[in-house]
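Hydrogens, waters and symmetry mates are skipped; everything else that's a heavy atom, side chains included, is used.
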Amino acid sequence: MTRIAAPPAAFDLETRLVIIGAGAAGLVAALVAAEAGLEPLVIERDAVPSGSTALSAGLIPAAGTRWQREAGISDSPELFARDIQAKAKGKAEPILVEAVARAIGPRLEWLAEKHGLAFSVIENFRYPGHSAARMHGLASRSGRELVDRLRHAAEEAGIAIITQARAETLHVDAAGRPVGVTITRPDGTRESIGAEAILLACNGYGGNPALVAKLIPSLAGALYFGHPGNQGDALLWGEALGAATRDLSGYQGHGSVAHPHGILITWATITEGGVQVNRDGQRFSNEAEGYSEQAARVAGQPGGVAYSIFDVHIAGVARQFEDFRLAEAQGALVSAGSWLELAGKLGLDAAALEATMAEVDALKVAGGCDMFGRDFAGVPRLTAPFCAVRVEGALFHTQGGLAVNAEAQVLHENGSAIPGLYAAGGAACGVSGPEASGYLSGNGLLTAVALGGIAGEAIARIRKS
């Protein structure tokens with residue numbers, strides 16, 4: 001249980017900056033603060049840093065980067081910001097959107113130059129809602145590699161990371177300023193740590209079923225594909241301090257988790273020309289709108305499952321992702337030379353599947369728009385061999401959280417900053433607005449990396465003044 005308490009008579013340890021959470025947000029903030037001369041202390045509940053970052057595809061959208069320029073891709077932070085707001089229907093916080101869209105490109109280049117993270121931009125497909133190819137990732141295209149490389153960089157920089165330690169209590173002085181935390185070890189021992197500044201980088205509340213049921217009732221009881229440690233600690237602490245919150249109903253879902261394997265299947269299987277059908281062999285939505293809103297749609301199908309249908313060419317594109325290769329190795333991928341054969345292997349009605357796919361093919365040939373609003377103009381036709389993966393919809397992480405300003409300071413309801421308290425990543429309100437449909441691919445790692453860096457810089461400036 002997280003709680004608020006007065007500070008002890010004396011802390012066991014004193015430091016200038018405590019960062020709660022060693023995912024992308026916390027580790028980037030620590031690297032930035034350390035370069036500025038601070039000695040951040042990172043608190044992590046797991047034995048090895050992982051969190052939501054490790055469970056992601058590890059792709060970070062950024063505009064105007066050197067990797068884009070080298071690939072001949074024209075893009076800008078301004079265009080990126082417009083794309084973010086277009087997906088969120090103008091409901092994302094404008095100041096935050098502008099701040100992260102502007103900060104993320106230079107931050108990725110800094111991570112590459114200073115810490116050796118070898119990013120590259122994905123050029124052979126584009127996620128829904130992005131006007132340019134701007135997804136950047138490491139070689140394996142996996143979040144596990146991203147968090148491991150960030151952890152290694154932090155270790156190389158001499159940053160202290162206390163693992164297997166849960167921040168249980170936030171200590172607040174008589175003026176309402178957070179001044180430290182008490183951590184709890186697995187053996188029950190406790191240690192209090194005083195700090196001049198505290199950064200909440202412990203993600204959202206997706207692992208707390210009671211909060212999910214209250215704030216996102218449409219996904220109550222749905223598969224949770226995030227980190228179990230995302231219990232809403234930051235949200236609960238903030239609310240206890242009178243902090244403002246924003247867009248708590250917003251979340252990132254995903255309509256393509258291999259079932260029963262529990263492995264993320266890249267949405268390139270859809271964007272490159274694939275579709276999804278249900279147990280009746282029928283399509284049920286506009287899959288091209290985005291994978292986040294597709295989560296609830298898939299969850300609402302008979303048995304809570306669907307089948308992503310694509311072809312061997314698309315499978316080749318998808319194999320650049322480590323997760324897809326793993327799913328294929330575990331037998332999640334089914335292939336066949338005809339729709340009749342594929343239906344038999346999947347246990348679907350052959351006539352229904354053949355009719356569905358014939359309609360899709362006709363729409364692609366004609367460049368038509370279907371009854372769900374999906375425009376098939378210019379979308380490649382599927383050719384044998386055909387492929388399929390049985391999938392389910394899942395909640396990945398929440399997008400609402402503590403309201404912050406452009407320097408990642410947590411805000412009171414009246415808009416003033418809570419002295420010494422910062423939030424980044426899933427702990428802070430993101431840039432997706434209040435609905436799942438507002439999530440633009442990569443928004444989670446965008447705010448983790450960009451806002452983490454912004455927080456590190458802001459804290460360093462204040463500590464120096």
Does this structure show an ion pair linking [X] with [Y], if we count only N-O contacts that are shorter than 4.0 Å?
X    : Y    : value
R141 : E322 : no
R107 : E457 : yes
E145 : R149 : no

With sequence neighbours excluded, residues passing side chain to side chain contact (heavy atoms under 4.5 Å, CB included) with [X]:
X   : result
K89 : S437
D83 : L79, S131, R134, L440
S56 : L445

Name each donor-acceptor pair under 3.5 Å that joins a side chain in residues 404-413 to protein atoms two or more places apart or in another chain, with its distance.
from: N405; atom 1: OD1; to: E407; atom 2: N; distance (Å): 2.9
from: N405; atom 1: OD1; to: A408; atom 2: N; distance (Å): 3.2
from: N405; atom 1: OD1; to: Q409; atom 2: N; distance (Å): 3.0
from: N405; atom 1: ND2; to: Q409; atom 2: OE1; distance (Å): 2.9
from: E407; atom 1: OE2; to: R461; atom 2: NH2; distance (Å): 2.7

### Message
Tell me every residue that passes side chain to side chain donor-acceptor pair (under 3.5 Å) with Q85, counting only those two or more places apart in sequence or in another chain.
### Response
none

Give me each pair satisfying salt bridge (charged side-chain N to carboxylate O under 4.0 Å, His left out) with a member in [range], each pair once, sequence neighbours excluded.
range            : value
residues 367-378 : R283-D370, E287-R374
residues 211-227 : none
residues 222-233 : R45-D233, R166-D233

### Query
Any side-chain heavy atom of F310 within less than 4.5 Å of one from V389?
yes

### Summary
Applied to residues 256-272, the side chain to side chain donor-acceptor pair (under 3.5 Å) test, sequence neighbours excluded, yields H259-E392

### Query
With sequence neighbours left out, which residue pairs that include part of residues 309-319 fulfil the side chain to side chain donor-acceptor pair (under 3.5 Å) condition?
R319-E328

### Message
Per the ring-ring contact (aromatic ring centres under 6.0 Å, His included) rule, what does the pair list look like for residues 357-396, sequence neighbours excluded?
### Response
F225-F396, H254-F396, W339-F386

#### Entry: S249 side-chain N/O to P434 backbone N/O, donor-acceptor pair under 3.5 Å
yes

Would you tabulate the side-chain donor-acceptor contacts of residues 108-115 under 3.5 Å, counting partners in other chains and residues two or more places apart, or write 'none'?
from: E109; atom 1: OE2; to: R66; atom 2: N; distance (Å): 2.8
from: W110; atom 1: NE1; to: E35; atom 2: OE1; distance (Å): 3.1
from: W110; atom 1: NE1; to: E35; atom 2: OE2; distance (Å): 3.4

### Task
To the nearest 0.5 Å, tell me how far Y205 OH sits from H397 NE2.
12.0 Å

### Query
What are the two closest heavy atoms between P49 and R151, and how far apart are they?
CD-CD, 3.6 Å

